[in-house]
Structure formats: structure tokens, C-alpha cells
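These notes concern the structure reproduced below.
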Number of protein chains: 2
Amino acid sequence: MFSKACEYGIKATIYIAANSIDGKRISLKGIAKHIDSPEAFTAKILQILARERVVNSVRGINGGFEIDKHRIQDIVLADIVNAIDGDAIYKNCGLGLKECSEARPCPVHDKFKIVRNNLKSLLETTNVKSLAMEVDSGLAFLKL
Amino acid sequence: MFSKACEYGIKATIYIAANSIDGKRISLKGIAKHIDSPEAFTAKILQILARERVVNSVRGINGGFEIDKHRIQDIVLADIVNAIDGDAIYKNCGLGLKECSEARPCPVHDKFKIVRNNLKSLLETTNVKSLAMEVDSGLAFLKL
DNA sequence: ACAAAACAGGATAATTTTATCTTAATTTAA
DNA sequence: TTAAATTAAGATAAAATTATCCTGTTTTGT
Ligand code: FES
Ligand code: FES
């Protein structure tokens with residue numbers, strides 16, 4: 001469904017958010033360990049998310065990643081997915097036609113569009129704060 | 001969403017079905033041309049689908065691919081997706097956890113499961129015959 | 001029997017995705 | 001001011017996916 005990069009990006013962001021809620025900044029190493037992802041690859045993904053202003057990065061000793069407390073509730077999954085995988089998952093034809101359109105639909109267009117829109121609204125309405133709080137309270141998990 | 005291989009497999013199967021309804025067998029070359037897919041790669045995918053008995057292959061002059069007329073209505077998209085991409089799309093965790101489970105869910109589990117089940121039922125209830133007929137009647141398209 | 005058409009299967013190659021490594025820049029604390 | 005911790009960025013490598021090529025086998029018409 002999502003690329004590995006995107007999966008790591010989502011998990012990392014949730015973990016950063018969970019820490020930011022507690023006022024803690026967290027290092028790449030800590031993130032990779034906690035979400036069980038390859039460190040260097042995760043660094044690349046966090047670079048993207050930092051450039052796209054989904055997370056803040058701070059260099060130097062005691063540096064790491066964080067999210068402004070008052071912004072956490074405004075970040076939705078779609079922000080992360082868009083930054084990493086782009087909008088293909090919303091826009092592309094399920095059968096790979098060059099364009100997904102009503103005018104020249106593929107055979108699964110009508111049905112596929114519904115699933116795709118469900119996914120889209122899931123991503124656009126799910127904010128990172130609620131997910132981070134689930135993790136914080138031990139109701140949801142980021143690895144294994 | 002689906003792999004390229006799976007996209008080609010679905011389109012090829014629909015096109016074979018559309019021809020089989022008219023009692024016509026169609027060659028690999030004809031299929032690849034019509035669905036705009038790389039011929040040799042499509043051959044590999046049709047090999048899989050033939051092994052899994054989704055389509056029949058016939059060798060030799062006037063050979064090609066076909067589907068038993070009375071079976072067309074029984075083939076659903078899930079048969080094709082399962083043969084090529086396996087069941088990962090139904091079973092795997094959206095965030096890549098090793099197991100998707102209620103006991104140890106990832107933060108998006110509840111919401112993701114709904115989308116995934118929608119997709120599952122779409123694939124399990126959409127038969128190739130109806131799609132082939134849409135293509136036949138010019139209501140849906142397999143390329144461009 | 002033979003040649004041609006067509007699929008099967010194995011080997012190889014190109015591309016994309018995933019992952020790692022190395023060096024540079026930044027920040028802080030001692 | 002120097003050393004250590006930390007992210008940034010570019011280069012490289014490994015793995016997976018996608019695509020092609022070549023040879024073999026089957027079938028049919030002549
Ligand atoms: S044309 Fe295929 S999903 Fe819209
Ligand atoms: S555990 Fe992640 S989708 Fe079920």
C-alpha cells in the first residue's frame with residue numbers, strides 16, 4: 001500500500017509527536033531503535049519531512065527531531081504520505097492507465113475510486129496527535 | 001496499490017475474457033498490443049495465471065490464451081491478485097508491523113482495516129465477466 | 001517430415017526502491 | 001577552543017521489481 005519509506009515516515013512522525021507532547025526531543029538513533037527501522041534510511045526520510053516542515057530538526061549535541069507542540073494536532077497522515085509518496089495513491093488509475101478519468105475509465109474505475117476516496121479521507125482526517133496519544137497510552141504499537 | 005505485474009495481469013485477463021465471450025482465442029502479441037504492456041513481461045505473468053488455472057494457454061499455431069466460457073463468470077479479481085501479488089494487500093499491516101493483529105495493533109489499524117476490507121470485498125465480488133462486458137461495449141478501456 | 005507460429009522457461013539486463021557509508025556542517029558542553 | 005554529539009548531504013551498494021533475450025517445446029498446416 002505505502003512504500004517502506006512512507007511507513008517509516010509515518011511511524012517516525014508518530015513517535016516524534018508522542019515525545020513532543022511530553023516536551024522531549026528525540027534523536028535519529030532513538031527513533032530508529034523505537035520504530036525498528038534502518039537508521040541511515042530513516043535519516044533520509046526525516047530529512048524530507050524536515051524540508052517539508054512536517055517535523056523540525058535540530059543539529060548538534062542534544063539535537064534531534066521534534067514537532068512544535070501547538071502544530072501536532074494540525075498534522076494529518078496525508079501530510080506525511082504526500083511528502084514521501086506524493087499523490088499517486090489518490091490520483092493514479094488502479095490499473096495503471098496514464099490518466100484516471102471519468103471520460104475514459106478503466107473497468108474498475110467506479111469501484112476503485114470509492115476505495116481510493118475512503119483511503120484519502122482516512123489520511124486527510126487522521127491527525128498525528130490522536131495516533132501519538134494511542135501509542136503513549138499503550139493502546140497501539142510502533143514495532144513488532 | 002497493485003504491482004505493475006498485477007495491473008498487467010488484470011488487464012490481460014479482462015481482455016482474454018472479452019475475447020473468450022466471443023469465442024475467440026487471443027495471442028500474447030495481441031494481448032500486449034491491446035493492453036499496451038511489454039510483451040515478454042506479460043508472457044511471464046500469463047504463465048503464472050495459466051499455472052494457477054485463471055486462464056488457459058494453448059501452444060502452437062493458432063494458440064494463445066482463453067478462458068472456458070462457463071468459467072468466466074466465476075473468476076473474480078481476487079483470483080488474479082492472489083495469484084500474482086499474494087495476500088499481502090489483505091493481511092499485512094499498513095505500517096509494516098510484522099503481524100497485523102487486534103492484540104497488538106499499530107496506530108492506524110482500526111481505520112486501515114476498514115479500507116483494506118473494502119478493497120478485499122471489491123476484489124472478491126467483482127467478476128471478470130462484468131468487466132469484460134464493459135470493455136466490449138465500449139464503456140471502459142484497457143489502455144491510454 | 002518439415003516449417004512456421006506460438007507459448008514455456010531460464011538467463012540476463014535495466015530500473016527503482018531500499019539501505020549503507022563517508023564526509024561535512026552545526027551545536028553544545030567542558 | 002576543542003571535542004563530542006548530532007543532523008545534512010552526496011556517493012555507493014544491495015535488493016526487489018520490471019523488462020528483455022534466447023533457446024526449447026508444442027501444435028498445426030503443408
Ligand atoms: S481510470 Fe482506472 S481507476 Fe480511474
Ligand atoms: S496492525 Fe497495522 S494495520 Fe493492523
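Protein chains get the first letters and strands the later ones, always in sequence-line order, with residue 1 at the start of each. Since the model is a prediction, treat every value here as computed from it, not as a measurement.
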(message) Quick check on C:dG9: is either OP1 or OP2 less than 4.0 Å from any side-chain nitrogen or oxygen of B:Q47?
(response) yes
(message) Quick check on C:dA6: is either OP1 or OP2 less than 4.0 Å from any side-chain nitrogen or oxygen of B:S57?
(response) no
Give me, pair by pair, the N or O atoms of the protein and of nucleotides 26-30 of chain D that are less than 3.5 Å apart, along with how far apart they are.
from: D:dT26; atom 1: O4'; to: B:R59; atom 2: NE; distance (Å): 3.3
from: D:dT26; atom 1: O2; to: B:G60; atom 2: N; distance (Å): 3.4
from: D:dT27; atom 1: O2; to: B:I61; atom 2: N; distance (Å): 3.3

Whole angstroms only, please: what is the [atom1]-[atom2] distance between [X] and [N]?
X     : N      : atom1 : atom2 : answer
B:I48 : C:dC7  : CD1   : C1'   : 15 Å
A:N56 : D:dT6  : CG    : P     : 18 Å
A:E39 : D:dA8  : CD    : P     : 13 Å
B:L46 : C:dA8  : CG    : C1'   : 12 Å
A:I45 : D:dT7  : CD1   : P     : 14 Å
A:D36 : C:dA19 : CG    : C1'   : 14 Å

(message) Expected output is a numbered-order residue list: members of residues 15-34 of chain B with a heavy atom under 4.0 Å from any atom of DNA chain C. What is it?
(response) B:S27, B:L28
(request) Give a yes or no on whether a salt bridge exists between A:D22 and A:K69, defined as a side-chain N under 4.0 angstrom from a carboxylate O. (result) no
(request) Would you mind reporting whether B:V76 and B:T125 have side-chain heavy atoms less than 4.5 Å apart? (result) no
(message) What I'd like to find out is whether the side chain of B:L95 reaches to under 4.5 Å of the side chain of B:P107, using heavy atoms alone.
(response) yes
(request) Please indicate whether A:K120 has more than 12 foreign heavy atoms, meaning atoms of other residues, nucleotides or ligands, lying under 6.0 Å from its NZ. (result) no
(message) With a sphere of 6.0 Å drawn around CD of B:E39, does it hold more than 12 non-hydrogen atoms of other residues, nucleotides or ligands?
(response) yes
(request) Report yes or no: do B:I31 and B:I84 belong to one cluster of Ile/Leu/Val/Met/Phe/Trp/Tyr joined by side chain heavy-atom distances under 4.5 Å? (result) yes
[X] [atom1] to [Y] [atom2] distance, which is reported to the nearest 0.5 Å:
X      : Y      : atom1 : atom2 : result
A:S101 : A:H109 : OG    : NE2   : 7.0 Å
B:N127 : B:I75  : CG    : CD1   : 9.5 Å
A:L139 : A:L131 : CG    : CG    : 12.0 Å

Considering only nitrogen or oxygen atoms on both sides, find all protein atoms under 3.5 Å from nucleotides 14-18 of chain D and state each distance.
from: D:dT18; atom 1: OP1; to: B:K4; atom 2: N; distance (Å): 3.0

(message) Under the criterion side-chain contact (heavy atoms from CB on, under 4.5 Å), I'd like the reasoning laid out for A:L123 against A:D79: C-alpha separation, chi angles, the key distance, then a yes or no.
(response) CA-CA 8 Å; A:L123 295 175; A:D79 297 327; over 6 Å; no
(message) Parallel, tilted or perpendicular: which one describes the rings of A:F2 and B:F112, with boundaries at 30° and 60°?
(response) tilted
(request) Classify the side chain of A:K44 versus the base of D:dA9 as yes if they form a donor-acceptor pair under 3.5 Å and no if they do not. (result) yes
